[in-house]
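Fair warning: this is a prediction, and the values are worked out from it, not measured in the lab. In what follows, chains are A, B, ... by sequence order, proteins preceding strands, each numbered from 1.
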Amino acid sequence: MEFRRVADILKNGQPQESVIIKGWVRTKRELKGFAFAEVNDGSSLAGLQIVLDSSLEQYESTLKKINTGSSIEVAGQLVASQGKGQKIELQVSKVTVYGEANPETYPLQKKRHSFEFLREINHLRAKTNTIGAVFRVRNACAKAIHEFFQNKGFLWIHSPIITTSDCEGAGEMFTVTNFDLDKLPKNEEGKVDYSQDFFGKPAFLTVSGQLQAEVMAMAFQNVYTFGPTFRAENSNTSRHLSEFWMIEPEMAFCDLEGDQNLAEEFLKYIFQYVLDHCPEDLEFFNKWIDKTILGNIDNIINHEFERVTYTKAIALLEKASKKFDFPVEWGIDLQSEHERYLAEELFQKPVIVTNYPKDIKAFYMRLDEGEKTVSAMDVLAPGIGEIIGGSQREERLDVLERRMQETNVETDNLWWYLDLRRYGTVPHAGFGLGFERLVQFITGMKNIRDVIPFPRTPDNAEF
RNA sequence: UCCUCGGUAGCUCAGUGGUAGAGCGGUCGACUGUUAAUCGAUUGGUCGUAGGUUCGAAUCCCACCCGGGGAGCCA
(Lines give C-alpha, C1' and ligand atoms only; values in the text may rest on other atoms or scores of the structure.)
Protein backbone atom coordinates (compact mmCIF):
# COMPACT_ATOMS: atom_id res chain seq x y z
CA MET A 1 0.00 0.00 0.00
CA GLU A 2 1.47 3.27 -1.10
CA PHE A 3 0.32 6.75 -0.06
CA ARG A 4 -0.46 8.76 -3.19
CA ARG A 5 -1.80 12.19 -4.00
CA VAL A 6 -5.05 12.31 -5.92
CA ALA A 7 -3.59 14.33 -8.80
CA ASP A 8 -0.96 11.65 -9.33
CA ILE A 9 -3.54 8.84 -9.22
CA LEU A 10 -5.81 10.58 -11.70
CA LYS A 11 -2.88 11.06 -14.05
CA ASN A 12 -0.91 7.85 -13.62
CA GLY A 13 -3.04 5.40 -11.64
CA GLN A 14 -3.54 1.93 -13.10
CA PRO A 15 -6.14 -0.70 -12.17
CA GLN A 16 -4.94 -3.32 -9.65
CA GLU A 17 -2.67 -0.85 -7.86
CA SER A 18 -3.16 -0.70 -4.10
CA VAL A 19 -3.06 2.83 -2.75
CA ILE A 20 -3.78 4.96 0.29
CA ILE A 21 -5.21 8.45 -0.06
CA LYS A 22 -5.90 11.09 2.56
CA GLY A 23 -8.21 14.00 2.07
CA TRP A 24 -11.57 15.61 2.61
CA VAL A 25 -14.95 14.35 1.46
CA ARG A 26 -16.67 16.64 -1.01
CA THR A 27 -19.83 14.66 -1.63
CA LYS A 28 -21.36 11.31 -0.80
CA ARG A 29 -24.01 9.36 -2.73
CA GLU A 30 -25.65 6.51 -0.88
CA LEU A 31 -27.45 3.71 -2.65
CA LYS A 32 -28.84 0.49 -1.35
CA GLY A 33 -25.94 -1.70 -0.31
CA PHE A 34 -23.10 0.61 -1.31
CA ALA A 35 -22.06 4.22 -1.59
CA PHE A 36 -19.88 6.61 -3.56
CA ALA A 37 -17.89 9.50 -2.21
CA GLU A 38 -15.58 12.02 -3.82
CA VAL A 39 -12.36 12.71 -1.95
CA ASN A 40 -10.33 15.84 -2.64
CA ASP A 41 -6.83 16.34 -1.24
CA GLY A 42 -6.09 19.74 -2.76
CA SER A 43 -3.66 18.40 -5.33
CA SER A 44 -6.12 18.86 -8.17
CA LEU A 45 -9.49 20.26 -9.04
CA ALA A 46 -10.96 16.81 -9.53
CA GLY A 47 -11.31 14.42 -6.64
CA LEU A 48 -11.05 10.67 -6.63
CA GLN A 49 -14.25 8.66 -6.50
CA ILE A 50 -14.20 6.01 -3.81
CA VAL A 51 -16.61 3.09 -3.65
CA LEU A 52 -17.72 1.77 -0.26
CA ASP A 53 -19.36 -1.61 -0.13
CA SER A 54 -21.65 -2.83 2.65
CA SER A 55 -19.25 -5.71 3.24
CA LEU A 56 -16.87 -3.22 4.88
CA GLU A 57 -16.36 -3.49 8.63
CA GLN A 58 -18.80 -1.22 10.51
CA TYR A 59 -20.20 -0.04 7.18
CA GLU A 60 -23.31 1.68 8.55
CA SER A 61 -21.63 3.66 11.33
CA THR A 62 -18.64 4.62 9.19
CA LEU A 63 -20.83 5.82 6.35
CA LYS A 64 -22.69 8.07 8.77
CA LYS A 65 -19.42 9.83 9.62
CA ILE A 66 -18.36 10.34 6.01
CA ASN A 67 -20.12 13.60 5.30
CA THR A 68 -19.18 16.59 3.21
CA GLY A 69 -16.15 18.17 4.85
CA SER A 70 -15.03 15.18 6.92
CA SER A 71 -11.38 14.10 6.75
CA ILE A 72 -10.59 10.50 5.94
CA GLU A 73 -7.84 8.10 5.02
CA VAL A 74 -8.85 5.29 2.72
CA ALA A 75 -6.94 2.25 1.52
CA GLY A 76 -7.98 0.06 -1.32
CA GLN A 77 -7.46 -1.02 -4.86
CA LEU A 78 -7.76 1.12 -7.96
CA VAL A 79 -10.27 -0.29 -10.42
CA ALA A 80 -11.60 0.77 -13.79
CA SER A 81 -14.83 2.62 -13.16
CA GLN A 82 -18.12 1.15 -14.28
CA GLY A 83 -19.60 4.63 -14.27
CA LYS A 84 -19.24 7.30 -16.90
CA GLY A 85 -17.78 10.28 -15.03
CA GLN A 86 -14.29 8.91 -14.44
CA LYS A 87 -11.85 6.33 -15.76
CA ILE A 88 -10.60 5.08 -12.45
CA GLU A 89 -11.94 4.81 -8.92
CA LEU A 90 -10.90 3.42 -5.57
CA GLN A 91 -12.57 0.27 -4.25
CA VAL A 92 -12.21 0.81 -0.52
CA SER A 93 -10.98 -1.92 1.80
CA LYS A 94 -10.29 0.21 4.88
CA VAL A 95 -11.49 3.63 6.04
CA THR A 96 -10.22 5.79 8.86
CA VAL A 97 -12.23 8.88 9.73
CA TYR A 98 -9.93 11.52 11.22
CA GLY A 99 -12.44 14.27 11.79
CA GLU A 100 -16.15 14.44 11.23
CA ALA A 101 -17.97 17.51 9.91
CA ASN A 102 -21.47 17.86 11.28
CA PRO A 103 -23.64 18.34 8.19
CA GLU A 104 -26.15 20.41 10.14
CA THR A 105 -23.55 23.07 10.93
CA TYR A 106 -20.84 22.71 8.25
CA PRO A 107 -21.19 25.87 6.15
CA LEU A 108 -20.01 24.51 2.81
CA GLN A 109 -22.66 22.76 0.79
CA LYS A 110 -22.51 20.64 -2.31
CA LYS A 111 -23.49 23.61 -4.42
CA ARG A 112 -22.23 27.00 -5.50
CA HIS A 113 -21.74 29.72 -2.92
CA SER A 114 -21.35 33.42 -3.50
CA PHE A 115 -17.80 34.72 -3.12
CA GLU A 116 -19.14 37.26 -0.62
CA PHE A 117 -20.33 34.44 1.62
CA LEU A 118 -17.06 32.53 1.20
CA ARG A 119 -15.11 35.59 2.38
CA GLU A 120 -17.02 35.36 5.66
CA ILE A 121 -15.73 31.80 6.09
CA ASN A 122 -12.28 32.54 4.72
CA HIS A 123 -10.77 29.72 6.79
CA LEU A 124 -12.87 27.16 4.90
CA ARG A 125 -13.05 28.60 1.41
CA ALA A 126 -9.87 26.98 0.08
CA LYS A 127 -11.83 23.73 0.26
CA THR A 128 -14.06 24.90 -2.60
CA ASN A 129 -13.44 24.22 -6.29
CA THR A 130 -12.95 27.80 -7.42
CA ILE A 131 -10.86 29.11 -4.56
CA GLY A 132 -8.79 25.94 -4.55
CA ALA A 133 -8.07 26.40 -8.25
CA VAL A 134 -7.17 30.05 -7.64
CA PHE A 135 -4.47 29.15 -5.15
CA ARG A 136 -3.01 26.40 -7.31
CA VAL A 137 -2.76 28.91 -10.17
CA ARG A 138 -1.37 31.54 -7.81
CA ASN A 139 1.34 29.11 -6.75
CA ALA A 140 2.12 28.25 -10.38
CA CYS A 141 2.46 31.97 -11.17
CA ALA A 142 4.89 32.42 -8.29
CA LYS A 143 6.97 29.46 -9.42
CA ALA A 144 6.97 30.70 -13.02
CA ILE A 145 8.13 34.14 -11.93
CA HIS A 146 11.06 32.81 -9.95
CA GLU A 147 11.93 30.35 -12.70
CA PHE A 148 11.88 33.06 -15.36
CA PHE A 149 14.20 35.38 -13.50
CA GLN A 150 16.46 32.70 -12.04
CA ASN A 151 16.96 31.18 -15.50
CA LYS A 152 18.11 34.60 -16.68
CA GLY A 153 20.54 35.03 -13.80
CA PHE A 154 18.54 37.67 -11.94
CA LEU A 155 19.13 37.82 -8.17
CA TRP A 156 16.08 37.71 -5.94
CA ILE A 157 16.35 40.72 -3.64
CA HIS A 158 14.63 40.70 -0.27
CA SER A 159 13.76 44.36 -0.11
CA PRO A 160 12.90 45.68 3.35
CA ILE A 161 9.35 45.64 4.66
CA ILE A 162 10.03 48.43 7.15
CA THR A 163 11.33 51.68 5.69
CA THR A 164 12.00 55.22 6.80
CA SER A 165 11.75 56.70 3.31
CA ASP A 166 8.30 58.20 3.27
CA CYS A 167 8.47 59.08 -0.41
CA GLU A 168 9.14 55.75 -2.04
CA GLY A 169 6.38 56.21 -4.51
CA ALA A 170 2.70 56.82 -4.35
CA GLY A 171 0.18 56.05 -1.71
CA GLU A 172 -0.49 56.53 1.98
CA MET A 173 1.75 54.47 4.22
CA PHE A 174 1.17 52.51 7.42
CA THR A 175 3.20 53.78 10.35
CA VAL A 176 5.35 51.31 12.26
CA THR A 177 5.89 52.18 15.90
CA ASN A 178 6.22 50.66 19.33
CA PHE A 179 5.01 53.80 21.08
CA ASP A 180 2.32 53.42 23.70
CA LEU A 181 -0.31 55.25 21.68
CA ASP A 182 -2.07 56.48 24.83
CA LYS A 183 1.12 58.16 26.02
CA LEU A 184 2.84 59.66 22.99
CA PRO A 185 6.01 61.60 23.82
CA LYS A 186 5.81 65.19 22.56
CA ASN A 187 8.52 67.69 21.68
CA GLU A 188 8.58 71.43 22.48
CA GLU A 189 6.33 72.17 19.51
CA GLY A 190 3.73 69.76 20.85
CA LYS A 191 4.26 67.28 18.04
CA VAL A 192 5.06 63.60 18.42
CA ASP A 193 8.75 63.15 19.22
CA TYR A 194 9.79 60.38 16.86
CA SER A 195 13.39 60.53 18.05
CA GLN A 196 12.17 58.44 20.98
CA ASP A 197 10.49 55.89 18.71
CA PHE A 198 11.94 52.45 17.98
CA PHE A 199 13.87 53.51 14.89
CA GLY A 200 14.59 57.04 16.10
CA LYS A 201 12.51 58.51 13.30
CA PRO A 202 9.15 57.85 11.64
CA ALA A 203 9.02 54.38 10.10
CA PHE A 204 6.54 52.82 7.71
CA LEU A 205 5.59 49.65 5.93
CA THR A 206 7.02 49.68 2.42
CA VAL A 207 4.91 50.65 -0.57
CA SER A 208 7.51 49.50 -3.10
CA GLY A 209 10.89 47.81 -3.20
CA GLN A 210 11.98 49.62 -6.33
CA LEU A 211 14.46 52.05 -4.82
CA GLN A 212 16.20 49.26 -2.94
CA ALA A 213 16.13 47.12 -6.08
CA GLU A 214 17.98 49.93 -7.85
CA VAL A 215 20.62 49.79 -5.11
CA MET A 216 21.17 46.10 -5.68
CA ALA A 217 21.09 46.40 -9.47
CA MET A 218 24.07 48.74 -9.18
CA ALA A 219 26.06 45.77 -7.88
CA PHE A 220 24.50 42.70 -9.44
CA GLN A 221 23.20 44.18 -12.72
CA ASN A 222 19.98 42.19 -12.85
CA VAL A 223 17.76 41.72 -9.82
CA TYR A 224 14.12 41.37 -8.91
CA THR A 225 11.96 41.79 -5.84
CA PHE A 226 8.97 39.61 -5.08
CA GLY A 227 7.38 40.38 -1.78
CA PRO A 228 4.59 42.04 0.14
CA THR A 229 3.85 45.75 -0.03
CA PHE A 230 1.37 47.86 1.88
CA ARG A 231 -0.89 50.79 1.10
CA ALA A 232 -2.98 52.61 3.68
CA GLU A 233 -5.21 54.11 1.00
CA ASN A 234 -8.89 54.05 1.86
CA SER A 235 -9.80 52.56 -1.47
CA ASN A 236 -12.59 50.04 -1.56
CA THR A 237 -12.61 48.46 -4.99
CA SER A 238 -12.37 45.01 -6.52
CA ARG A 239 -8.80 45.78 -7.60
CA HIS A 240 -7.18 47.12 -4.41
CA LEU A 241 -5.77 45.53 -1.28
CA SER A 242 -4.08 47.09 1.74
CA GLU A 243 -1.50 44.28 1.63
CA PHE A 244 -0.48 42.85 -1.71
CA TRP A 245 2.53 41.28 -3.42
CA MET A 246 4.60 42.98 -6.05
CA ILE A 247 7.25 41.91 -8.55
CA GLU A 248 9.85 44.51 -9.53
CA PRO A 249 12.76 43.60 -11.80
CA GLU A 250 15.57 46.12 -12.18
CA MET A 251 18.33 45.96 -14.79
CA ALA A 252 21.57 47.91 -14.99
CA PHE A 253 22.95 48.86 -18.40
CA CYS A 254 19.42 48.73 -19.73
CA ASP A 255 17.28 51.28 -21.51
CA LEU A 256 13.56 51.59 -22.16
CA GLU A 257 13.70 49.25 -25.13
CA GLY A 258 15.38 46.52 -23.10
CA ASP A 259 12.77 47.09 -20.41
CA GLN A 260 9.98 46.55 -22.94
CA ASN A 261 11.66 43.41 -24.24
CA LEU A 262 11.87 41.96 -20.75
CA ALA A 263 8.25 42.81 -19.95
CA GLU A 264 7.01 41.12 -23.09
CA GLU A 265 9.14 38.04 -22.61
CA PHE A 266 8.17 37.89 -18.95
CA LEU A 267 4.42 37.94 -19.53
CA LYS A 268 4.64 35.36 -22.29
CA TYR A 269 6.64 33.04 -20.07
CA ILE A 270 4.25 33.27 -17.11
CA PHE A 271 1.15 32.69 -19.19
CA GLN A 272 2.68 29.77 -21.08
CA TYR A 273 3.84 28.22 -17.82
CA VAL A 274 0.41 28.35 -16.21
CA LEU A 275 -1.20 27.07 -19.39
CA ASP A 276 1.20 24.10 -19.33
CA HIS A 277 0.95 23.36 -15.62
CA CYS A 278 -2.66 24.13 -14.66
CA PRO A 279 -4.75 23.19 -17.72
CA GLU A 280 -7.69 21.76 -15.72
CA ASP A 281 -7.87 24.77 -13.45
CA LEU A 282 -7.79 27.18 -16.41
CA GLU A 283 -10.50 25.20 -18.22
CA PHE A 284 -12.57 25.46 -15.06
CA PHE A 285 -12.17 29.24 -14.91
CA ASN A 286 -12.89 29.58 -18.60
CA LYS A 287 -16.09 27.60 -18.18
CA TRP A 288 -17.45 28.97 -14.90
CA ILE A 289 -15.82 32.32 -14.16
CA ASP A 290 -14.95 34.12 -17.39
CA LYS A 291 -15.27 32.66 -20.87
CA THR A 292 -12.65 34.99 -22.33
CA ILE A 293 -9.58 34.08 -20.29
CA LEU A 294 -8.18 31.34 -22.54
CA GLY A 295 -8.55 33.67 -25.50
CA ASN A 296 -6.83 36.49 -23.65
CA ILE A 297 -3.98 34.23 -22.56
CA ASP A 298 -3.55 32.94 -26.10
CA ASN A 299 -3.54 36.51 -27.37
CA ILE A 300 -0.65 37.42 -25.08
CA ILE A 301 1.42 34.34 -25.81
CA ASN A 302 1.06 34.38 -29.59
CA HIS A 303 1.26 38.04 -30.59
CA GLU A 304 4.15 40.45 -30.71
CA PHE A 305 3.24 43.35 -28.48
CA GLU A 306 2.49 46.58 -30.34
CA ARG A 307 4.74 49.45 -29.26
CA VAL A 308 3.66 53.07 -29.59
CA THR A 309 4.70 56.31 -27.99
CA TYR A 310 2.23 58.21 -25.84
CA THR A 311 2.23 61.00 -28.42
CA LYS A 312 1.31 58.60 -31.21
CA ALA A 313 -1.30 56.91 -29.00
CA ILE A 314 -2.96 60.28 -28.40
CA ALA A 315 -3.00 60.94 -32.15
CA LEU A 316 -4.60 57.54 -32.75
CA LEU A 317 -7.21 58.20 -30.06
CA GLU A 318 -8.00 61.60 -31.56
CA LYS A 319 -8.50 59.98 -34.95
CA ALA A 320 -10.75 57.28 -33.52
CA SER A 321 -14.37 57.32 -34.57
CA LYS A 322 -15.31 56.08 -31.10
CA LYS A 323 -16.74 58.56 -28.59
CA PHE A 324 -14.96 58.74 -25.24
CA ASP A 325 -16.39 59.94 -21.93
CA PHE A 326 -13.08 61.63 -21.16
CA PRO A 327 -11.83 63.98 -23.90
CA VAL A 328 -8.48 63.14 -25.48
CA GLU A 329 -5.74 65.72 -25.50
CA TRP A 330 -1.94 65.61 -25.25
CA GLY A 331 -1.02 65.81 -21.58
CA ILE A 332 -3.88 63.81 -20.10
CA ASP A 333 -3.37 60.53 -18.32
CA LEU A 334 -4.91 57.71 -20.32
CA GLN A 335 -8.24 56.61 -18.87
CA SER A 336 -9.13 52.94 -18.83
CA GLU A 337 -11.56 53.50 -21.71
CA HIS A 338 -8.64 54.82 -23.78
CA GLU A 339 -6.39 51.94 -22.80
CA ARG A 340 -9.05 49.43 -23.65
CA TYR A 341 -9.70 51.00 -27.03
CA LEU A 342 -6.03 50.72 -27.94
CA ALA A 343 -5.58 47.13 -26.77
CA GLU A 344 -8.98 45.65 -27.51
CA GLU A 345 -10.27 47.48 -30.56
CA LEU A 346 -7.47 49.19 -32.46
CA PHE A 347 -4.62 46.68 -32.12
CA GLN A 348 -6.48 43.72 -30.61
CA LYS A 349 -3.36 42.58 -28.81
CA PRO A 350 -1.10 43.79 -26.01
CA VAL A 351 0.21 47.33 -26.48
CA ILE A 352 3.16 49.03 -24.82
CA VAL A 353 2.73 52.78 -24.57
CA THR A 354 5.95 54.71 -23.92
CA ASN A 355 7.30 58.20 -23.28
CA TYR A 356 4.52 59.78 -21.25
CA PRO A 357 4.39 63.49 -20.36
CA LYS A 358 6.71 64.09 -17.39
CA ASP A 359 3.99 65.87 -15.41
CA ILE A 360 1.89 62.73 -14.98
CA LYS A 361 4.75 60.42 -14.02
CA ALA A 362 7.12 59.88 -11.08
CA PHE A 363 10.28 61.84 -10.33
CA TYR A 364 12.69 58.94 -10.87
CA MET A 365 11.75 58.35 -14.52
CA ARG A 366 14.37 59.40 -17.04
CA LEU A 367 13.77 62.73 -18.72
CA ASP A 368 13.68 62.45 -22.51
CA GLU A 369 15.34 64.84 -24.95
CA GLY A 370 13.26 67.95 -25.26
CA GLU A 371 12.30 67.51 -21.60
CA LYS A 372 8.60 67.14 -22.29
CA THR A 373 8.33 63.40 -21.74
CA VAL A 374 9.93 60.70 -19.63
CA SER A 375 11.04 57.17 -20.54
CA ALA A 376 8.05 55.48 -18.97
CA MET A 377 6.11 52.52 -20.26
CA ASP A 378 2.76 50.89 -19.55
CA VAL A 379 1.83 47.47 -20.87
CA LEU A 380 -1.86 47.36 -21.76
CA ALA A 381 -3.48 43.98 -22.25
CA PRO A 382 -6.85 43.19 -23.83
CA GLY A 383 -9.35 42.30 -21.16
CA ILE A 384 -7.62 43.95 -18.24
CA GLY A 385 -5.96 47.22 -19.21
CA GLU A 386 -2.70 48.24 -17.55
CA ILE A 387 -0.89 45.19 -16.26
CA ILE A 388 2.69 46.47 -16.03
CA GLY A 389 4.16 49.90 -15.39
CA GLY A 390 7.84 50.66 -15.70
CA SER A 391 10.49 53.08 -16.80
CA GLN A 392 14.10 53.78 -17.53
CA ARG A 393 15.37 55.50 -14.38
CA GLU A 394 17.03 58.89 -14.25
CA GLU A 395 20.72 58.10 -13.85
CA ARG A 396 22.04 61.69 -14.21
CA LEU A 397 22.57 63.24 -10.76
CA ASP A 398 21.90 66.84 -11.77
CA VAL A 399 18.74 65.99 -13.67
CA LEU A 400 17.44 63.79 -10.84
CA GLU A 401 18.04 66.52 -8.26
CA ARG A 402 16.25 69.01 -10.46
CA ARG A 403 13.29 66.66 -10.96
CA MET A 404 13.03 66.01 -7.23
CA GLN A 405 12.90 69.73 -6.60
CA GLU A 406 10.25 70.26 -9.28
CA THR A 407 8.06 67.53 -7.87
CA ASN A 408 8.62 68.46 -4.20
CA VAL A 409 10.27 65.19 -3.21
CA GLU A 410 12.32 65.50 -0.04
CA THR A 411 15.95 64.58 -0.65
CA ASP A 412 17.03 64.16 3.00
CA ASN A 413 15.98 60.54 3.43
CA LEU A 414 17.00 59.64 -0.11
CA TRP A 415 20.67 60.72 0.06
CA TRP A 416 21.66 57.14 -0.61
CA TYR A 417 19.48 57.00 -3.71
CA LEU A 418 21.29 60.07 -5.02
CA ASP A 419 24.64 58.50 -4.10
CA LEU A 420 23.94 55.77 -6.65
CA ARG A 421 24.21 58.51 -9.29
CA ARG A 422 27.33 59.91 -7.68
CA TYR A 423 29.34 56.69 -7.72
CA GLY A 424 29.36 54.52 -10.80
CA THR A 425 26.00 55.47 -12.18
CA VAL A 426 24.70 53.59 -15.22
CA PRO A 427 21.56 53.69 -17.34
CA HIS A 428 19.08 51.30 -15.79
CA ALA A 429 15.44 50.37 -16.08
CA GLY A 430 12.80 48.20 -14.51
CA PHE A 431 9.11 47.67 -14.07
CA GLY A 432 6.59 46.56 -11.52
CA LEU A 433 3.47 44.52 -11.53
CA GLY A 434 0.95 43.62 -8.89
CA PHE A 435 0.96 39.89 -8.30
CA GLU A 436 -2.72 39.66 -7.37
CA ARG A 437 -3.74 41.53 -10.51
CA LEU A 438 -1.75 39.07 -12.55
CA VAL A 439 -3.56 36.18 -10.84
CA GLN A 440 -6.84 38.01 -11.33
CA PHE A 441 -6.16 38.34 -15.03
CA ILE A 442 -5.20 34.70 -15.52
CA THR A 443 -8.12 33.30 -13.52
CA GLY A 444 -10.74 35.84 -14.56
CA MET A 445 -11.69 36.38 -10.91
CA LYS A 446 -13.63 39.61 -10.55
CA ASN A 447 -12.65 40.56 -7.00
CA ILE A 448 -9.03 40.78 -5.91
CA ARG A 449 -10.01 39.64 -2.40
CA ASP A 450 -10.59 36.18 -3.85
CA VAL A 451 -7.07 35.69 -5.26
CA ILE A 452 -5.09 36.26 -2.04
CA PRO A 453 -5.44 33.75 0.81
CA PHE A 454 -6.01 36.30 3.55
CA PRO A 455 -7.16 39.63 2.11
CA ARG A 456 -6.54 42.83 4.04
CA THR A 457 -8.71 45.79 3.12
CA PRO A 458 -9.91 48.91 4.93
CA ASP A 459 -11.90 47.79 7.98
CA ASN A 460 -11.07 44.15 7.44
CA ALA A 461 -8.11 42.12 8.68
CA GLU A 462 -9.97 39.05 9.95
CA PHE A 463 -8.43 35.59 9.93
C1' U B 1 -13.40 59.29 0.76
C1' C B 2 -17.70 60.02 -2.72
C1' C B 3 -21.91 57.90 -5.59
C1' U B 4 -25.15 53.75 -5.93
C1' C B 5 -27.62 49.06 -4.83
C1' G B 6 -28.58 45.70 -1.10
C1' G B 7 -29.19 43.03 4.19
C1' U B 8 -35.81 38.06 4.95
C1' A B 9 -34.50 30.12 6.80
C1' G B 10 -27.69 27.24 6.92
C1' C B 11 -27.13 29.20 1.34
C1' U B 12 -29.46 31.90 -3.11
C1' C B 13 -33.57 34.83 -3.35
C1' A B 14 -39.23 36.26 -3.86
C1' G B 15 -42.55 39.01 -0.80
C1' U B 16 -43.08 46.67 -1.12
C1' G B 17 -49.11 48.33 4.91
C1' G B 18 -53.24 43.20 6.66
C1' U B 19 -51.75 35.27 9.27
C1' A B 20 -43.53 34.99 6.87
C1' G B 21 -42.62 32.00 1.14
C1' A B 22 -39.74 29.12 -2.83
C1' G B 23 -35.47 26.50 -4.55
C1' C B 24 -31.17 24.41 -2.69
C1' G B 25 -29.12 22.36 1.99
C1' G B 26 -30.13 19.37 6.51
C1' U B 27 -33.12 15.15 8.49
C1' C B 28 -36.04 10.53 7.53
C1' G B 29 -37.46 6.94 3.84
C1' A B 30 -37.00 4.45 -1.23
C1' C B 31 -33.40 2.81 -4.92
C1' U B 32 -27.62 -2.76 -6.84
C1' G B 33 -23.38 2.28 -10.62
C1' U B 34 -24.13 7.25 -8.59
C1' U B 35 -21.64 12.06 -10.73
C1' A B 36 -23.95 19.17 -7.30
C1' A B 37 -27.53 11.42 -8.04
C1' U B 38 -32.79 10.83 -8.43
C1' C B 39 -37.83 10.26 -6.20
C1' G B 40 -41.14 10.98 -1.74
C1' A B 41 -41.84 13.19 2.98
C1' U B 42 -40.10 16.55 6.53
C1' U B 43 -37.37 20.45 9.18
C1' G B 44 -35.70 25.60 9.03
C1' G B 45 -37.15 32.63 10.89
C1' U B 46 -36.06 38.23 16.92
C1' C B 47 -37.25 39.79 8.34
C1' G B 48 -29.15 43.68 9.93
C1' U B 49 -29.56 46.85 14.84
C1' A B 50 -32.09 50.73 17.57
C1' G B 51 -35.87 54.38 17.43
C1' G B 52 -40.40 56.43 15.08
C1' U B 53 -45.32 56.71 12.07
C1' U B 54 -49.78 53.42 12.11
C1' C B 55 -55.44 49.94 14.64
C1' G B 56 -51.58 46.99 12.25
C1' A B 57 -44.59 47.38 9.68
C1' A B 58 -40.27 42.58 6.46
C1' U B 59 -42.91 46.57 3.75
C1' C B 60 -43.25 53.72 5.29
C1' C B 61 -39.67 57.44 7.99
C1' C B 62 -34.85 58.33 10.71
C1' A B 63 -30.04 56.98 12.64
C1' C B 64 -26.33 53.47 12.83
C1' C B 65 -23.78 48.76 11.43
C1' C B 66 -22.41 45.36 7.53
C1' G B 67 -21.85 43.76 2.31
C1' G B 68 -21.79 44.34 -3.29
C1' G B 69 -20.94 47.48 -7.64
C1' G B 70 -18.92 52.08 -9.60
C1' A B 71 -15.62 56.58 -9.16
C1' G B 72 -11.08 58.68 -7.46
C1' C B 73 -6.13 56.74 -6.29
C1' C B 74 -3.25 53.16 -7.99
C1' A B 75 -0.55 47.82 -8.45
Point to revise | Length of the line joining A:Glu339:CD and B:C73:P, which is rounded to integer Å | key: 12 Å

Practice item. Quick one: look up who B:C13 pairs with, Watson-Crick or G-U, both distances under 3.5 Å, and put none if it's unpaired. Key: B:G21

Review point. Can you tell which of A:His146, A:Glu250, A:Glu248 makes a side chain to side chain donor-acceptor pair (under 3.5 Å) with A:Tyr224?
Key: A:His146

Check your understanding: So, do A:Tyr417 and A:Tyr364 have ring centers that fall under 6.0 Å from each other?
Key -> no

Study note, to complete from the structure: Closest of B:G26, B:U34, B:U1 to the A:Gln86 side chain is B:U34

Point to revise | Strand contacts (RNA chain B) in residues 39-78 of chain A, 4.0 angstrom heavy-atom criterion | key: A:Gln49, A:Lys64

Exercise for review: Classify the side chain of A:Glu104 and the base of B:U43 as holding, or not holding, a donor-acceptor pair under 3.5 Å.
Suggested key: no

Exercise for review: Would you mind pulling out the nucleotide paired to B:A41, Watson-Crick or G-U wobble, both distances under 3.5 Å?
Suggested key: B:U27

Exercise for review: Name the closest nucleotide to the A:Arg239 side chain, picking from B:C11, B:C73, B:G72.
Suggested key: B:C73

Practice item. Would you please confirm or rule out a distance under 4.0 Å between OP1 or OP2 of B:G68 and any side-chain N or O of A:Arg449? Key: yes

Review point. Base of B:U16 relative to its sugar, syn (within 90° of 0) or anti?
Key: syn

Point to revise | Mate of B:C60 where both pairing distances stay under 3.5 Å, Watson-Crick or G-U | key: B:G52

**Study point:** Option from A:Leu433, A:Asp259, A:Ile352, A:Asp378 for which side-chain contact (heavy atoms from CB on, under 4.5 Å) with A:Ile388 holds
**Key:** A:Leu433

Review point. Between B:G26, B:G72, B:U1, which nucleotide has the shortest distance from any of its atoms to the side chain of A:Gln335?
Key: B:G72

**Study point:** Whole-angstrom distance between B:G56 and B:A14, as gauged at atom C1'
**Key:** 23 Å

Review point. Is a donor-acceptor pair below 3.5 Å formed from side chain A:Glu116 to base B:G7, judging by atom type as modelled?
Key: no

Point to revise | B:U32: pairing nucleotide in any strand, Watson-Crick or G-U under 3.5 angstrom | key: none

Exercise for review: Compute the ring centroids of A:Tyr356 and A:Tyr310, then answer whether they are less than 6.0 Å apart.
Suggested key: yes

Exercise for review: Remember a base hit wins even if backbone is also touched, and classify A:Asn447 as base, sugar-phosphate or nothing at under 4.0 Å, heavy atoms.
Suggested key: sugar-phosphate

Review point. Is the base of B:G33 touched by the side chain of A:Ser81 through a donor-acceptor pair closer than 3.5 angstrom?
Key: yes

**Study point:** In B:G44, glycosidic geometry as syn within 90° of 0 or anti otherwise
**Key:** syn

Point to revise | Rounded interatomic separation in angstrom, taking NZ from A:Lys446 and C1' from B:G67 | key: 19 Å

**Study point:** Distance test, side-chain N/O of A:Ser235 to OP1/OP2 of B:U1, below 4.0 Å
**Key:** no

Exercise for review: Examine A:Phe226 together with A:Phe435 and report whether their ring centres are nearer than 6.0 Å.
Suggested key: yes

Practice item. Please work out if A:Phe244 contacts a base, only the sugar-phosphate, or nothing of the nucleic acid, heavy-atom cut-off 4.0 Å. Key: base

Check your understanding: Within the structure shown, what part of the strands sits under 4.0 Å from A:Thr229 by heavy-atom distance: base, sugar-phosphate, or nothing?
Key -> nothing

Review point. Do the side chain of A:His240 and the base of B:C74 come within less than 3.5 angstrom through a donor-acceptor pair of N or O atoms?
Key: yes

Check your understanding: Are A:Phe148 and A:Phe266 side-chain neighbours, meaning at least one heavy-atom pair lies under 4.5 Å?
Key -> yes

Check your understanding: Given the P atoms of B:U1 and B:G44, what is the spacing between them in whole Å?
Key -> 43 Å

Review point. Atom CD of A:Glu172 to atom P of B:C73: distance rounded to whole Å?
Key: 14 Å

Revision key, fill the gap. Partner of B:U4 under the Watson-Crick or G-U wobble criteria, both distances under 3.5 Å, comes out as B:G68

Practice item. Between B:U32, B:A71, B:G10, spot the one nearest the side chain of A:Gln109, thanks. Key: B:G10

